[in-house]
Engineer: 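I have a structure here, written as structure tokens, and I will follow up with some questions on it.
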Amino acid sequence: TVEASLRVACMEALFKVCKPVQNVLPASLLLLGGDDLLVYLAADTAIPFAISVAKKFSEETNRRINAIDDSSLTEQLANLSLTISLGISFGKSHTPFSIMLNQAEELLRSAKKARRNKIDSQMDSTNQPYIDYHLASNFNQIDVKSSRLNHLTIGGNYLSPSKRRYLRLYQKPYSLKELETLWD
């Protein structure tokens, strides 16, 4: 169910978001299997693609689960909500692919962690997809966490001699709903 839903979601999102140039989609599908997806595409299509994939994946998995004929299995799956998390690495055309791939994996872990934290803290009961992204403008921004700490965080007031509060200049990762609002 997961693999088939991801394939459908990916293909539909590619055709919806990417405009063919001489009958060729301007995107490279590098990995699509199991629950893994890796796509290389233009920056202006990355977020709309991620939003479209996340929405379609949820629709498709729900449709497939509801189509199962086995009533005992359907009961067990009724409360199951399959969702995905996505990491998007933006880089310049000359950014080494290995850096972007490592960042995308780090961002994926960040998105998954944010989703788990929201569910655990009961701030989000919808179990919706989470998406994290990062724009690496220079090669000194290889590690996303360090880059955010060094370039997107301001040292704040001391709460106590041993504790300091920091001001984050970003609100990532985003739930699907938050990212749609931001994109709109």
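Just so you know, these numbers use all the heavy atoms, side chains as well, and skip hydrogens, waters and symmetry mates.
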Engineer: On a heavy-atom basis, which atom in Gly91 and which in Met100 lie closest, and how many Å separate them?
Structural biologist: N-CE, 3.6 Å
Engineer: Looking at Ser58 and Thr61, what are the two nearest heavy atoms and their distance?
Structural biologist: O-OG1, 3.1 Å
Engineer: Hydrophobic clustering (ILVMFWY, side-chain heavy atoms < 4.5 Å, transitive) - are Val8 and Val2 grouped together?
Structural biologist: no
Engineer: Side-chain contact test, heavy atoms from C-beta onward, threshold under 4.5 Å: evaluate it for Cys10 versus Phe49 and give yes or no.
Structural biologist: yes
Engineer: Between OG1 of Thr83 and NZ of Lys112, what distance do you get to the nearest 0.5 Å?
Structural biologist: 11.0 Å
Engineer: Can you measure from CD (Glu178) to NZ (Lys172) and round to the nearest 0.5 angstrom?
Structural biologist: 13.0 Å
Engineer: Could you give the distance from OG (Ser175) to NZ (Lys118), rounded to the nearest 0.5 Å?
Structural biologist: 7.5 Å
Engineer: What about Leu82 and Ile84, same hydrophobic cluster or not, with Ile/Leu/Val/Met/Phe/Trp/Tyr joined at side-chain heavy-atom distances under 4.5 Å?
Structural biologist: yes
Engineer: Parallel, tilted or perpendicular, judged at 30° and 60°: which one describes the rings of Tyr174 and Tyr133?
Structural biologist: parallel
Engineer: Using modelled atom types and a 3.5 Å cut-off, is there a donor and acceptor pairing between side-chain atoms of Glu106 and backbone atoms of Val144?
Structural biologist: yes
Engineer: Return the minimal non-hydrogen interatomic distance between Ala43 and Phe90, and the atom names on each side.
Structural biologist: O-CE2, 3.4 Å
Engineer: Give every residue pair that meets the salt bridge (Lys or Arg N to Asp or Glu O under 4.0 Å) criterion with at least one member in residues 128-137, sequence neighbours excluded.
Structural biologist: Asp132-Arg148
Engineer: Working to the nearest 0.5 angstrom, can you tell me the gap between Glu60 CD and Thr1 OG1?
Structural biologist: 9.5 Å
Engineer: Please step through side-chain contact (heavy atoms from CB on, under 4.5 Å) for the pair Arg64 and Ser5, ending with a clear verdict.
Structural biologist: CA-CA 8 Å; Arg64 288 174 184 275; Ser5 297; 3.3 Å; yes
Engineer: Are Leu14 and Val53 co-members of a hydrophobic cluster defined by side-chain heavy atoms under 4.5 Å apart?
Structural biologist: yes
Engineer: Verify, without hydrogens or angle tests, whether Gln128 (side chain) and Lys177 (backbone) share a donor-acceptor contact under 3.5 angstrom.
Structural biologist: yes
Engineer: For the residue pair Leu179 and Ile51, what are the closest heavy atoms and their distance?
Structural biologist: CD2-CG1, 4.1 Å
Engineer: What is the distance from atom CG of Asp143 to atom NE2 of His134, rounded to the nearest 0.5 Å?
Structural biologist: 8.5 Å
Engineer: List the atom pairs, donor and acceptor, that lie under 3.5 Å between side-chain atoms in residues 19-42 and the rest of the protein, sequence neighbours left out.
Structural biologist:
none

Engineer: Are Ile65 and Leu6 in one and the same hydrophobic cluster, where Ile, Leu, Val, Met, Phe, Trp and Tyr link if side-chain heavy atoms are under 4.5 Å apart?
Structural biologist: yes
Engineer: Should the pair Arg7-Glu3 be classified as a salt bridge under the 4.0 Å nitrogen-to-oxygen rule?
Structural biologist: yes
Engineer: For Ile88 and Ala50, work out which heavy atoms get closest and say how close.
Structural biologist: CD1-CB, 3.7 Å
Engineer: Are Phe57 and Ile47 linked, directly or through intermediate hydrophobic residues, by side-chain heavy-atom contacts shorter than 4.5 Å (ILVMFWY only)?
Structural biologist: yes
Engineer: So do Leu101 and Glu105 actually touch side chain to side chain, heavy atoms under 4.5 Å?
Structural biologist: yes
Engineer: Once rounded to the nearest 0.5 Å, what's the spacing between atom CD of Gln103 and atom CG of Leu135?
Structural biologist: 9.0 Å
Engineer: Check Lys16 against Ser52 and note the closest heavy-atom contact, atom names and distance.
Structural biologist: CD-OG, 3.6 Å
Engineer: Mark yes when over 12 heavy atoms from residues, nucleotides or ligands other than Phe15 sit less than 6.0 Å from its CZ; otherwise mark no.
Structural biologist: no
